[in-house]
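Computed from a predicted model, the values in this text were never measured in an experiment.
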Amino acid sequence: MAVTDIVSKLNVQMNREFYSSNLYLQLSAWCIEHNLHDTAHFLRTQAQGTVTLMMRFFDHLKKMGENPVVQPLQNGLTPGCNSLAVLFEKMLNDYRFRAESLIQLQDEAISINDLSTLLFLQQIEKIQRKDGAVLVKMLEMVREADASGMCLMQTDHILAKAATA
């Protein structure tokens, strides 16, 4: 694979992180509308984390001597949510999509013997794995709270405690 191919794919991954940040902000706005301020805060923190990852991709591309290309977000991104379970399922689906593409990128970096990019991607993967574990834990907690009949506000407070633990 040519270096330009991996550069293009790094740009795509960078833009996926950008999209995720916007998605998490939209989900945070939904939480605010439903007075779930603790979960909204958690989502804004997650959004900031994905922006940070996006910037790391940006910086890595610059270090490679390449030009990062940030694509505009689609207008009208409306994630549509009707429960905390759906919200965390959306986040997990988004996380899994980014994680899978990150693994493919690592394979491609190996195939072209790009050790610098491989090490960079492994660092990103380590961060993302932690985020994924938190999302799985949060979704399980939401499902348990739903099954026990807790109201959204109670669930919101429980999630806040878990997010800071």
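- In this structure, CG on Leu159 lies 5.0 Å from CE on Met138, to the nearest 0.5 angstrom.
- For the pair Val69 and Phe58, the minimum side-chain heavy-atom distance is 4.5 Å or more.
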Derivation of the side chain to side chain contact (heavy atoms under 4.5 Å, CB included) call for Arg16 and Ser101: CA-CA 10 Å; Arg16 285 183 179 133; Ser101 62; 2.9 Å; yes
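- The shortest distance between side-chain heavy atoms of Leu152 and Leu36 falls below 4.5 Å.
- Across Thr50 and Ala47, no two heavy atoms sit closer than the pair OG1-O, 2.8 Å.
- The cluster map of Ile, Leu, Val, Met, Phe, Trp and Tyr, joined by side-chain heavy atoms under 4.5 Å apart, puts Ile6 and Leu61 in the same cluster.
- Side-chain heavy atoms closer than 4.5 Å link hydrophobic residues (I, L, V, M, F, W, Y) into clusters, and following such links, even through other members, never connects Leu84 to Ile32.
- Val136 and Met91 fall within the same hydrophobic cluster, where Ile, Leu, Val, Met, Phe, Trp and Tyr residues are linked whenever their side-chain heavy atoms come under 4.5 Å apart, directly or through other members.
- Here the CG-CD1 distance, from Asp107 to Ile112, works out to 12.0 Å after rounding to the nearest 0.5 Å.
- Both Val51 and Val70 are members of a single hydrophobic cluster when ILVMFWY side chains are connected at heavy-atom separations under 4.5 Å.
- Linking ILVMFWY residues whenever their side-chain heavy atoms come closer than 4.5 Å, directly or via other members, leaves Leu23 and Leu25 in distinct clusters.
- The side chain to side chain donor-acceptor pair (under 3.5 Å) search around Asp94 returns Ser20, Tyr24, Arg98, not counting sequence neighbours.
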Leu139 vs Leu92, side chain to side chain contact (heavy atoms under 4.5 Å, CB included): CA-CA, chis, key distance, verdict: CA-CA 9 Å; Leu139 179 56; Leu92 265 173; 3.5 Å; yes
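- With rounding to the nearest 0.5 angstrom, the CZ atom of Phe18 is 9.0 Å from the CE atom of Met14.
- For Glu89, the side chain to side chain donor-acceptor pair (under 3.5 Å) test picks out Arg143, with sequence neighbours left out.
- One distance of note links CG of Asp5 with CG of Leu10; it measures 11.0 Å at 0.5 Å rounding.
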Before you tell me yes or no, could you show the steps for Met150 and Ile158 under side chain to side chain contact (heavy atoms under 4.5 Å, CB included), namely the whole-Å CA-CA distance, both residues' side-chain angles and the distance that decides it to 0.1 Å? CA-CA 10 Å; Met150 281 189 194; Ile158 290 170; 3.2 Å; yes
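- Annotation: side chain to side chain donor-acceptor pair (under 3.5 Å) contacts of Ser28 (sequence neighbours excluded): Arg44.
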Atom pairs and distances, donor-acceptor, side-chain atoms in residues 124-135, under 3.5 Å, two or more places apart:
residue : atom : partner : partner atom : Å
Glu125  : OE1  : Gln106  : NE2          : 3.0
Gln128  : NE2  : Glu17   : OE2          : 2.7

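- With sequence neighbours excluded, the residues satisfying side chain to side chain donor-acceptor pair (under 3.5 Å) with Thr117 are His60, Asp114.
- From Leu115, atom CG reaches atom CD of Gln122 across 8.0 Å, with rounding to the nearest 0.5 Å.
- Listed by first and then second residue, the ring pair (Phe, Tyr, Trp, His ring centres under 6.0 Å) pairs that reach into residues 36-57 are Phe57-Phe120, sequence neighbours excluded.
- Looking at Thr155 and Val142, their side chains come closer than 4.5 Å, going by heavy atoms from C-beta outward.
- Atom CE of Met55 and atom NZ of Lys62 lie 11.0 Å apart (nearest 0.5 Å).
- Side-chain contact between Leu27 and Cys81: present, with at least one pair of heavy atoms (C-beta onward) separated by less than 4.5 Å.
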Could you go through Leu87 and Asn82, starting from their C-alpha distance and side-chain angles, then the distance that decides it, and tell me whether this counts as side chain to side chain contact (heavy atoms under 4.5 Å, CB included)? CA-CA 8 Å; Leu87 181 145; Asn82 60 8; over 6 Å; no
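- Checking side-chain atoms of Asp38 against main-chain N and O of Met153 turns up no donor-acceptor pair under 3.5 Å.
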